[in-house]
Amino acid sequence: MSFPLLTVTAAVPAVGAVLTAAVPAARRTAAKWLALLFSLATLALAVLVAVRFEPGGDRYQLTESHAWIADFGVRYELGVDGIGVALIALTALLIPFVIGAGWHDADPLETSSSRWRPTQGFFALILLVEAMVVISFEATDVFLFYIFFEAMLIPMYFLIGGFGDRAHSGSDENAAAQRSYAAVKFLLYNLVGGLIMLAAVIGLYVVAGNFSLQEIAAARAAGTLDMATNTERLLFLGFFFAFAVKAPLWPLHTWLPNAMGEATAPVAVLITAVVDKVGTFAMLRFCLGLFPEASKWATPVILVLALISIVYGALLAVGQRDIKRLVAYASISHFGFIILGIFAMTSQGQSGATLYMVNHGLSTAALMLVAGFLISRRGSRLIADYGGVQKVAPVLAGTFLIGGLATLSLPGLAPFVSEFLVLVGTFARYPVAGVIATFGIVLAALYTLVLYQRTMTGPVKEEVRAMPDLRLREVLVVAPLIALLIGLGVYPKVLTDIVDPAVKHTMSDVKQSDPKPEVAVEAKHTNEGEAAK
């Protein structure tokens, strides 16, 4: 039997979570280092997965398959394609930075015994979320995927509700109430989506007789899967609704600003840069893979919703007074671009959407973590409470600027490549949608540059005059993210080589090919006419 690399990659952070939680209460520092050690071990395994993956090989590689609940056709099946490899690498890469950035976020507050923060629990929950996200990217059994798709809500609920942001303008009681509201809203929205998906999962089993993604695809290719058109559309809607909540897509997005606003900055990164990617990933793997005809049927409506997300999220980001909520609404706009690229049904659009998932994770992590460092120094999330920070903390201001420029997809930084591919792929098939989506770029420049101007430039406010610059630990957290944003912006081929073969398989699932450029077609007709003459 070959080494179960995928199982071990998901199991290591789960084991780390258990051991971290078991560290004695007085050994908080030991718990932090133990969690960081296990996150680095997971990163090493993710790198090994990427190294062993062959882009030109089988669609799903490093596969594992074992009987689990045989009476119901449920198997423990794992496998990764290029898209899964890229997102596993992103998850494993970000978790050490999340842990490093949140090094003191769960320390007890000595002045208030009622707000004791169990450090061990905080870092154990982060590792537990990592384990569940990783196995979600690996699962090729629909039921297995569903279990972890839903289970990750529980640790996230406690991370949002139990470890909220200390920079709250109200009283301790008001802050606790806001955290509780955000956590419950997050849980309820995603549970409703998950329950609808469960009904669709059961319906899929009734139609297909099993939960194996590969077996269902093979049966469809062989013409032995009898799925009525209306049945396929209903099942697609059940799956898509759950993924749209997780993504989040307008109008199912309203939980995200509350959750990111009340969570600590590292947990906010965990939400939008890691957990939410499961939703867009699942659209590619399950919606398009299992229900190709229904995906094409729903495409016009989904494109409209994606465009609304792009413009609406960016407009609300422009008007925000809270730094973290601004980043949250910007993320809603960015997820609109991702979903637009997926359902443009072109190879450029889907490659761009996958790259966007990775690059958005890196850029949002860089911006939000630096914003978290800024907020922890001033004790306020309000933009109006800042001014002139670049004069007293130039390194903090510089990294904040680069993170912001990556968010607006400046050429030379990684998000530009992915956004460009999404727009090119969308314009090739839906030119009107491509034109409308470009307004999101203009608005992104507006909210990013206005945010930087109001917080970092101008006269130095008295409250920020003594603000310290980034410390060594904070520089070590942010510097690798900045380097990756620049490196992948200059040389994205390292990702496209892995992702493109998987995108070709997805395009084959939905029986779509890239539209031919009209200019080339006209030129061909002209040449043929001249030859005839």
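Since the structure is predicted, the reported quantities are computational estimates derived from the model, not experimental observations.
- T399 places a side-chain N or O within donor-acceptor distance of the main-chain N or O of L396, the cut-off being under 3.5 Å.
- By the 4.5 Å heavy-atom criterion applied to side chains, M368 and M260 are counted as neighbours.
- Side chain of S295 to backbone of C287: a donor-acceptor contact under 3.5 angstrom is found.
- Looking at T346, its side chain does come within 3.5 Å of a backbone N or O of G425 through a donor-acceptor pair.
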### Query
Where do L362 and L485 land on the side chain to side chain contact (heavy atoms under 4.5 Å, CB included) test, with the steps shown first?
CA-CA 7 Å; L362 296 175; L485 287 171; 3.7 Å; yes

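- Under a 3.5 Å cut-off, the side chain of H360 and the backbone N or O of T407 do not form any donor-acceptor pair.
- Checking side-chain atoms of W255 against main-chain N and O of V245 turns up a donor-acceptor pair under 3.5 Å.
- With a 4.5 Å cut-off on side-chain heavy atoms, L408 and Y447 do not count as touching.
- Residues K246 and M152 have side chains in contact (heavy-atom distance under 4.5 Å, counting atoms from C-beta outward).
- Screening K296, K504, R59 for a salt bridge (Lys or Arg N to Asp or Glu O under 4.0 Å) with D509, the sole residue that qualifies is R59.
- Within a 6.0 Å radius of OH in Y205, other residues, nucleotides and ligands contribute more than 12 heavy atoms.
- Note on ring orientation: taking the six-membered ring where Trp is involved, the planes of F149 and F243 are perpendicular (angle over 60°, cut-offs 30° and 60°).
- Ring geometry, F236 versus F240: the interplanar angle falls under 30°, so the pair is classed parallel (tilted spans 30 to 60°).
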